[in-house]
J.: 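Take this structure first; my questions come after.
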Amino acid sequence: MQLLLIHSDYIEYETKKRTPVAEEIDPAMKSSRMEEVLTAFVAVESYDEADPIATAENAADEIRKLAGQVKTERIMLYPYAHLSSELAKPVVAVDVLKKLEETLSRDYEVKRAPFGWYKAFKVSCKGHPLSELSRTIRVGTEGKGEKEGRDEIVSEALKSEEKAISHWHVLTLDGELLPIEDFDFKEHPILLSFAEYETSKSRAVDKIPPHVELMRRLELADYEPGSDSGNMRFYPKGTLIKRLLEAHVLDTVGGMGAVEVETPVMYDVNHPTLKKYLDRFPARQYSIESDKRSFFLRFAACFGQFLMNHDMTISHRNLPLKMVEMTRYSFRREQHGELVGLRRLRAFTMPDMHTLCADMDHAIDEFKDQYTMCMKMLADIGLEDDYEVAIRFTRDFYTENQDFIKELVGIVGKPALIELWDSRFFYFVIKFEFNYIDALKKASALSTVQIDVENAERYDIKYIDKNGTEQRPTILHCSPSGAIERCIYALLEKAHLTSKAGGVPSLPTWLSPTQVRLIPVAERHIGYAGEVTAAMNDIRADIDDRDETVGKRVRAAGREWIPYVVVIGDKELESGVLSVTIRSESRKVEETAQELRSRVIAEIAEMPYRQINLPVLLSKRPVFFG
RNA sequence: GCCGCUGUGGCUUAGCUCGGUAAAGCGGCUGAUUCGUAAUCAGCAGAUCGUGGGUUCGAAUCCCACCGGCGGCUCCA
């Protein structure tokens, strides 16, 4: 919206002739005059269609501010199309103007000139410094015009979340639902940290997150100053780790019947179905303007998959129907203060799977399966005992499904934090998350599954049952690993904790960018090292052929957390037996190249493999960081 | 978004209080060295001191604004 504000001695107008978009008016509006008045010329623009109400509210705030400064009690709203070349549809414009009039009428004497008429007018400007001002009102974008902050899209869900009342409990292994203050946390210190974090009791910490330093030192990822905050760059080693994690998630859900799809990253804010969904999802969006349409960037794959489901013909024989997408990226415009390293990003990679189930009973069965699958997923990633469970649901759902919920605690074998809502604020009736708690006692959700009881209806998704009649499926949302970047964050934080406790920090072998490092003692051993890597071409082996002492190169391999380090000299050249240092056990073994290769292959067993993502010779590698 | 702290070669930092030719280590490059499990020696290159304004004869240093980062608050699908 464009505003031109004139502090006037008087404004008067007289309607002359209607245009094709003219609104119907009563005789009183045909001509008018106000004195000692703030005249507001208004052009409602196409961008404002994304959120007419917020636009009107923001504009009203701006007008109030100036009215206060120039100490006037009267306001004339005057539609003035010529302030913009990107006008809104007339219907929307009239709505916004009426809303603006209504809002301001509470505190001021307000008149509104009719929309869509040719009018003769006279205005007298007072001419003092504040008497002429223009303002651009933009909802959902920042830094345009003089308005900053507070004019972002805040969805209804985000607003209702502020009002939602949570009841906190712990569900014990005995199936007891205890109020949080009655639970004895003595045996469960991390669950206590998690509970405190969630309920915001204490969070006194003043350290830099360890993973931020590690992600750079290990040349995995870094901030990208050329982009928006929270949009990271990934170096080759970080990219490799990401691809491996992604592959493992896709393989796992593929194994349980999910089919992989791809959907667009941006959607029209004015699409009626999407608009309603936005209002039920508590996240802030990036919005972008293209020609005259406004789009938002997706924060998950729900939109694309549901729109696809809507157009599909689905039989009960196809259920449960699973579709998955590795969203590169999901975008969420998090508040600045919440962004840290790889923990919380504005652009992130997340596996997003949706399962259409025949009804709630089937959904509950599937939920259980996926819950178990998520446990295995985190164990595979290397976070087996490193998460706490949160289960959140509505009171109604609990009443009807107590046994099911108790079973979940039994499966994971430890008490869970429970959040209970009196009524349903979101699209789901139950969700769980597995949360990683880091050294700074901050909690981050990884795996999650939710049972959605709203979107089948909203997107008009249906299947045909045995009797040939249409039914609404119940939909599960599942992210088996949570955001991929966040998994890397958790692994780095975990390694840091290990190191602080006196252990050897490391990544799981299947995720290590280099699995075997060969260190030729002298130049004449490089050729043989090359033969050894050739014999190990299905694991990631590389050669530190730099002209440095053995000691220095061994140290470098240690700083890279490489699981197996081999020094190759005359002895190995003659015997064909290698001296292998096993990082995790801090000991040396004598093995042939084939034995070492088999050891690594056995260790990464069912996990995905990709070839090394840098030159095998370290002398050929550029330095990405430090 | 708000409050506080912070920003100096690729990296880590010194210099800033009290304005006067930007210093070191690591890394990189070149050469020597061909070395047996956590840092070999020598030399060289590399900095519009976050950006933009201001004060001053003179600004990395003082002032203002903005932009990143970190911590806290808020919040977390």
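Chain letters run A, B, ... following the sequence lines, proteins first, then strands; residues in each count from 1.
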J.: Check the angle between the aromatic planes of Tyr489(A) and Tyr436(A) and answer parallel, tilted or perpendicular using the 30° and 60° thresholds.
T.: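 Because their plane-to-plane angle is over 60°, the rings of Tyr489(A) and Tyr436(A) count as perpendicular.
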J.: Who does rC44(B) pair with, Watson-Crick or G-U, both distances under 3.5 Å?
T.: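 Base-paired to rG28(B).
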J.: If pairing requires Watson-Crick or G-U wobble contacts with both distances under 3.5 Å, which nucleotide is the partner of rU37(B)?
T.: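 By the stated definition (distances under 3.5 Å), nothing pairs with rU37(B).
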J.: Should Arg599(A) and Glu591(A) count as an ion pair when the cut-off is N to O under 4.0 Å?
T.: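 Salt bridge: yes.
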J.: Are Phe625(A) and Tyr235(A) near enough that their ring centres are under 6.0 Å apart?
T.: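 Phe625(A) vs Tyr235(A): aromatic centres not under 6.0 Å.
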J.: Between Arg343(A) and Glu493(A), does any NZ, NE, NH1 or NH2 come within less than 4.0 Å of an OD or OE carboxylate oxygen?
T.: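 Between Arg343(A) and Glu493(A) there is no salt bridge, as every charged N stays at least 4.0 Å from the carboxylate O atoms.
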J.: Nearest heavy atom decides the nucleotide; on that basis, is Arg486(A) or Arg553(A) closer to the 5' end of RNA chain B?
T.: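 In this pair, the answer is Arg553(A).
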J.: Between atom CZ in Arg333(A) and atom C1' in rG1(B), what is the gap in whole Å?
T.: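 In whole Å, rG1(B) C1' and Arg333(A) CZ are 10 Å from each other.
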J.: Is there a Watson-Crick or G-U wobble partner for rG7(B) with both distances under 3.5 Å, and which nucleotide is it?
T.: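 Matched rG7(B) with rC67(B) under the 3.5 Å cut-off.
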J.: Mapping Val340(A) and Asp228(A) to their closest nucleotides on RNA chain B, which lands nearer the 5' end?
T.: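 Whichever sits nearer the 5' end wins; that is Asp228(A).
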J.: Measure CG/Leu218(A) against P/rC11(B) and give the value in whole Å, please.
T.: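 Atom CG in Leu218(A) sits about 17 Å away from atom P in rC11(B).
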J.: Check this for me: does any side-chain nitrogen of one of Lys237(A) and Glu219(A) sit under 4.0 Å from a carboxylate oxygen of the other?
T.: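 Counted as a salt bridge, because a side-chain N and a carboxylate O are separated by less than 4.0 Å.
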J.: Give each protein N/O atom lying under 3.5 Å from an N/O atom of nucleotides 36-38 of chain B, with the pair distance.
T.:
unit_1: rG36(B); atom_1: O6; unit_2: Asp570(A); atom_2: N; d: 2.5
unit_1: rG36(B); atom_1: O6; unit_2: Lys571(A); atom_2: N; d: 2.9
unit_1: rG36(B); atom_1: N1; unit_2: Glu572(A); atom_2: OE1; d: 2.8
unit_1: rG36(B); atom_1: N2; unit_2: Glu572(A); atom_2: OE1; d: 3.2
unit_1: rG36(B); atom_1: N2; unit_2: Glu572(A); atom_2: OE2; d: 2.5
unit_1: rU37(B); atom_1: O4; unit_2: Ser579(A); atom_2: OG; d: 2.6

J.: I'd like to know if Arg524(A) and Asp570(A) make a salt bridge, using a cut-off of under 4.0 Å between side-chain N and carboxylate O.
T.: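 Salt bridge between Arg524(A) and Asp570(A), a charged N being under 4.0 Å from a carboxylate O: yes.
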J.: Rounded to whole angstrom units, what separation is found between the NE2 atom of His211(A) and the P atom of rC70(B)?
T.: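 Atom-to-atom, His211(A) to rC70(B), this comes out as 8 Å.
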J.: Ignoring the backbone of Ala522(A), work out which of rU34(B), rC75(B), rG28(B) is nearest its side chain.
T.: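 Side chain of Ala522(A) sits closest to rU34(B).
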J.: Which of these nucleotides, rC70(B), rG68(B), rU34(B), is closest to any side-chain atom of Glu523(A)?
T.: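 Shortest atom-to-atom distance from the side chain points to rU34(B).
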J.: Rounded to whole Å, please give me the gap between CD in Gln335(A) and P in rG72(B).
T.: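 Checked: the CD to P distance equals 15 Å.
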J.: Measure up the His477(A) and His354(A) rings against each other and bin them: parallel (under 30°), tilted (30 to 60°), perpendicular (over 60°).
T.: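 Correct class here is perpendicular.
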J.: Do the side chains of Glu454(A) and Arg458(A) get close enough for a salt bridge, i.e. N-O under 4.0 angstrom?
T.: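 Counted as a salt bridge, because a side-chain N and a carboxylate O are separated by less than 4.0 Å.
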J.: Please state how far atom CZ in Arg343(A) lies from atom C1' in rG69(B), giving the value in whole angstrom units.
T.: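 Taking atom C1' of rG69(B) as the reference, CZ of Arg343(A) is at 16 Å.
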J.: With C1' as the reference atom in both, quote the distance from rA59(B) to rA22(B) in angstrom, rounded to an integer.
T.: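 Here rA59(B) and rA22(B) have their C1' atoms 13 Å from each other.
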J.: Applying a 4.0 Å non-hydrogen cut-off, can you work out what Arg524(A) is touching in the nucleic acid: base, sugar-phosphate, or nothing?
T.: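 Since only primed, P, OP1 and OP2 atoms lie under 4.0 Å of Arg524(A), the category is sugar-phosphate.
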J.: Between rU40(B), rU74(B), rC11(B), which nucleotide gets closest to the side-chain atoms of Phe625(A)?
T.: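 Nearest nucleotide to the side chain: rC11(B).
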J.: Atom CD of Glu338(A) to atom P of rG72(B): distance rounded to whole Å?
T.: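 Checked: the CD to P distance equals 13 Å.
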J.: For rC73(B), which nucleotide is its Watson-Crick or G-U wobble mate, given both distances must be under 3.5 Å?
T.: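 Answer to the pairing question: rG1(B), which forms a Watson-Crick or G-U pair with rC73(B).
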J.: When you measure from the side chain of Tyr223(A), which nucleotide among rC70(B), rU33(B), rG1(B) comes out closest?
T.: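 Between rC70(B), rU33(B), rG1(B), the one nearest the side chain of Tyr223(A) would be rC70(B).
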J.: Using purine N1 to pyrimidine N3 plus N6-O4 or O6-N4 for Watson-Crick, or N1-O2 and O6-N3 for G-U wobble, each under 3.5 Å, what pairs with rC62(B)?
T.: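 rC62(B) is paired, partner rG54(B).
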